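Written below as structure tokens is the structure these notes are about.
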2 protein chains.
Amino acid sequence: MSPSTHRSSAKPSGLDCRLAVLGTDVRLTPHRREVFQVLAESTDHPTAYDVFNRVKGKSPSISLATVYNCLEHLTAGGLIKQVNVERAQSRYCANLHEHVHFHCDECGQVSDAHPKADFDPGLFWQLPAGARITRTDVAIHGVCPTCISKKA
Amino acid sequence: MSPSTHRSSAKPSGLDCRLAVLGTDVRLTPHRREVFQVLAESTDHPTAYDVFNRVKGKSPSISLATVYNCLEHLTAGGLIKQVNVERAQSRYCANLHEHVHFHCDECGQVSDAHPKADFDPGLFWQLPAGARITRTDVAIHGVCPTCISKKA
DNA sequence: TATTTGAATTAGAATGATTCTTGTTCCAAA
DNA sequence: TTTGGAACAAGAATCATTCTAATTCAAATA
């Protein structure tokens, strides 16, 4: 492998360009940039392993551990979101618009569902008295249109 | 271990008393009954390992594998519910009333939150056109009253 | 420019919850 | 009484993820 295969920055300013939408800032190293790019180009909520395989196209030497590491830092920086469904392997998502996920129980596909109206869980459920709510995870399960038409 | 330590049924009809609220029916063997009992007496959403330790009081010879097996069958029979938060180990719950869970991000405690009003996810999120919804998982995260008072 | 420092990266080992496998035990029907 | 199938136990296997230790790199400092 040539020494310049990776760690080459697109910006002349080197690696020290930090970016964070929320949370701690992240140094956008070439690997992190590639991992982010893969997610930004994906709408299918890939797993860490999926990301690994896609990034290998650009950086054949990248390791799965680095992908996990990049995903962790990008998540901490608020650049991507981790999506967990039941106990299946985590998926990742670069859609930062507020949304929840729809999971097809037939094919496993995960798709985004964007908000139509403000949602306040306190209106629907009796929460422990005095609790402070920080966030609500909503996962909608069902059968996607594709699977419905396949069965018909 | 005496041969009658377990497999002794409370009912004279032997093991063949089946029960199911929803889903496939479950043979309520003594082990399954004990696992269910432990959950029915718990409000803290124990993990499989917690259940294992509690059941060992009555059936010291039970194995963790059997506990997992019992939990699986009881879940399939709709007698208990599996509660998954992020990718942490599964917890189990014998509260069959419709409810969601509140998770304290400080102490990890999980508590039930019962419905106050009908909740229709389709009103709040734009779902894939033509999708059929089967269920919605709602997990509310925050800080429980106990942890709030500890920090004050 | 050379050195230092700390983060990024890598490969592989370790972890840990869960599932699987295999052999055994038991119940109930034949 | 025999037999078939489920329940059970013990431990191995799985597998996503995390950790470890060693290396490489980039930016700051000397």
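Letters A, B, ... mirror the listed sequences (proteins, then strands); counts begin at 1. Please read all numbers here as calculations on a predicted model, not as lab measurements.
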Output the rounded distance in Å from [atom1] ([X]) to [atom2] ([N]).
X: Arg33(B); N: dA7(D); atom1: CZ; atom2: P; answer: 14 Å
X: Lys56(A); N: dA11(C); atom1: NZ; atom2: P; answer: 10 Å
X: Gln82(B); N: dT18(C); atom1: CD; atom2: C1'; answer: 10 Å
X: Ile62(A); N: dT10(C); atom1: CD1; atom2: C1'; answer: 10 Å
X: Asn69(B); N: dA17(C); atom1: CG; atom2: P; answer: 19 Å
X: Gln89(A); N: dT14(D); atom1: CD; atom2: C1'; answer: 13 Å
X: Asn53(B); N: dA17(C); atom1: CG; atom2: P; answer: 12 Å
X: Leu74(A); N: dA7(C); atom1: CG; atom2: C1'; answer: 15 Å

Check whether any side-chain N or O of [X] sits under 4.0 Å from OP1 or OP2 of [N], and answer yes or no.
X: Thr66(A); N: dT10(C); result: yes
X: Arg87(A); N: dA17(C); result: no
X: Ser63(B); N: dG11(D); result: no
X: His31(A); N: dT10(C); result: yes
X: Tyr68(B); N: dT18(C); result: yes
X: Ser90(B); N: dT18(C); result: yes

Consider the side chain of [X], meaning its heavy atoms from C-beta on, and name the nucleotide among [options] that approaches it most closely.
X: Ala48(B); options: dT9(C), dA9(D), dT18(C); answer: dT18(C)
X: Ala65(A); options: dT10(C), dA7(D), dA17(C); answer: dT10(C)
X: Thr29(A); options: dT9(C), dA7(D), dA16(D); answer: dT9(C)
X: Arg32(A); options: dA7(D), dT9(C), dC8(D); answer: dT9(C)

Do [X] and [Y] have side chains that get closer than 4.5 Å, going by heavy atoms?
X: Thr75(B); Y: Tyr92(B); answer: yes
X: Cys144(A); Y: Cys107(A); answer: yes
X: Thr136(B); Y: His141(A); answer: no

message: What contact category does Thr47(A) fall into here, base, sugar-phosphate, or nothing, at under 4.0 angstrom with non-hydrogen atoms?
response: nothing
task: For the pair His99(A) and His101(A), name the ring-plane relationship: parallel under 30°, tilted 30 to 60°, perpendicular over 60°.
output: perpendicular
message: For Glu106(B), is there an ion pair with Lys151(B) - N to carboxylate O distance below 4.0 angstrom?
response: yes
